[in-house]
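Beneath this line is the structure, given in structure tokens, with notes to follow.
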Amino acid sequence: MGTLSIRKRLALEVARKMRNNLKELHPLRQLFWECTLRCNLHCKHCGSDCKRMLETKDMPAADFLRVIDSITPHINPNEVSIIVTGGEPLMREDLEEVGLELYRRGYPWGLVSNGLT
């Protein structure tokens, strides 16, 4: 293996710059929060790990909001939809407070639920 020719070095540098530009041009549009692994059903088609990890504690709401606050200076909250999912998100008792805090921060949000809680 010898050294790369000037042509190959330039091509690699152009490719690197293009890849970095794509990273900057790929804005965050949706953020999914799997807020719990608890669920009142065990659907075969579900992609959640709720069947295996029922003992796993939910992420504290304060931790999630801290993450949201850490990304807020870098984005426009009105352009990022937060989707709350699980398990079954309605099994969380603090979901209403989290939703209110997301609203106060200017984030549109919704949730995916089986509607049976």
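Just the heavy atoms: all of them, side chains too, but no hydrogens, waters or symmetry mates, feed the values below.
Rounding to the nearest 0.5 Å gives a distance of 8.5 Å between CE of Met59 and CZ of Arg66. If you take CD on Glu96 and CG on Leu90, they are separated by 11.0 Å, rounding to the nearest 0.5 Å. A distance of 10.5 Å separates CD of Glu97 from CG of Leu65, quoted to the nearest 0.5 Å. Interatomic distance, CG of Asn114 versus SG of Cys39, reported as 5.0 Å (0.5 Å rounding). To the nearest 0.5 Å, the span separating CD1 on Ile83 from CZ on Phe32 amounts to 4.0 Å. Within the model, atoms CG of Leu95 and OG1 of Thr36 stand 10.0 Å from one another, a figure rounded to the nearest 0.5 Å.
When ring centroids are compared, Tyr103 and Trp109 stay outside the 6.0 Å threshold.
Counting heavy atoms from C-beta on, the side chains of Val98 and Phe64 come closer than 4.5 Å. With a 4.5 Å cut-off on side-chain heavy atoms, Ile6 and Leu10 count as touching. Looking at heavy atoms from C-beta onward, Asp94 lies out of side-chain contact with Asp58 at the 4.5 angstrom threshold.
The cluster map of Ile, Leu, Val, Met, Phe, Trp and Tyr, joined by side-chain heavy atoms under 4.5 Å apart, puts Leu111 and Val67 in different clusters. Hydrophobic clustering, with ILVMFWY side chains joined whenever heavy atoms are under 4.5 angstrom apart, keeps Ile82 apart from Val112. Hydrophobic cluster membership differs between Leu37 and Trp33, with clusters built from Ile, Leu, Val, Met, Phe, Trp and Tyr side chains linked at under 4.5 angstrom.
Between the side chain of Arg9 and the main chain of Leu4, a donor-acceptor pair closer than 3.5 Å is present.
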Inset, instruction - Before giving the answer on salt bridge (charged side-chain N to carboxylate O under 4.0 Å, His left out), spell out for Glu101 and Arg105 the whole-Å C-alpha distance, their side-chain angles and the decisive distance to 0.1 Å. - result: CA-CA 6 Å; Glu101 289 303 318; Arg105 287 163 170 82; 2.7 Å; yes
Inset, instruction - Show your reasoning for whether side-chain contact (heavy atoms from CB on, under 4.5 Å) applies to Leu102 and Ile68. - result: CA-CA 8 Å; Leu102 291 174; Ile68 295 301; 4.2 Å; yes
Inset, instruction - Output, in order, the C-alpha distance, side-chain angles, deciding distance and verdict of side chain to side chain donor-acceptor pair (under 3.5 Å) for Glu88 and Ser113. - result: CA-CA 6 Å; Glu88 174 50 52; Ser113 170; 2.8 Å; yes
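In summary, the side chains of Thr72 and Tyr107 do present a donor paired with an acceptor at a separation below 3.5 Å, with no hydrogens or angles considered. Counting only N and O atoms by type, the side chains of Ser5 and Arg7 include no donor and acceptor under 3.5 Å apart.
For Glu13, the CD atom sits in a packed shell: over 12 heavy atoms of surrounding residues, nucleotides or ligands are nearer than 6.0 Å.
Listed here is the closest heavy atom pair of Gly106 and Asn78: O-OD1, 3.0 Å. Leu31 approaches Leu28 most closely through the heavy-atom pair CD1-CD2, 4.2 Å.
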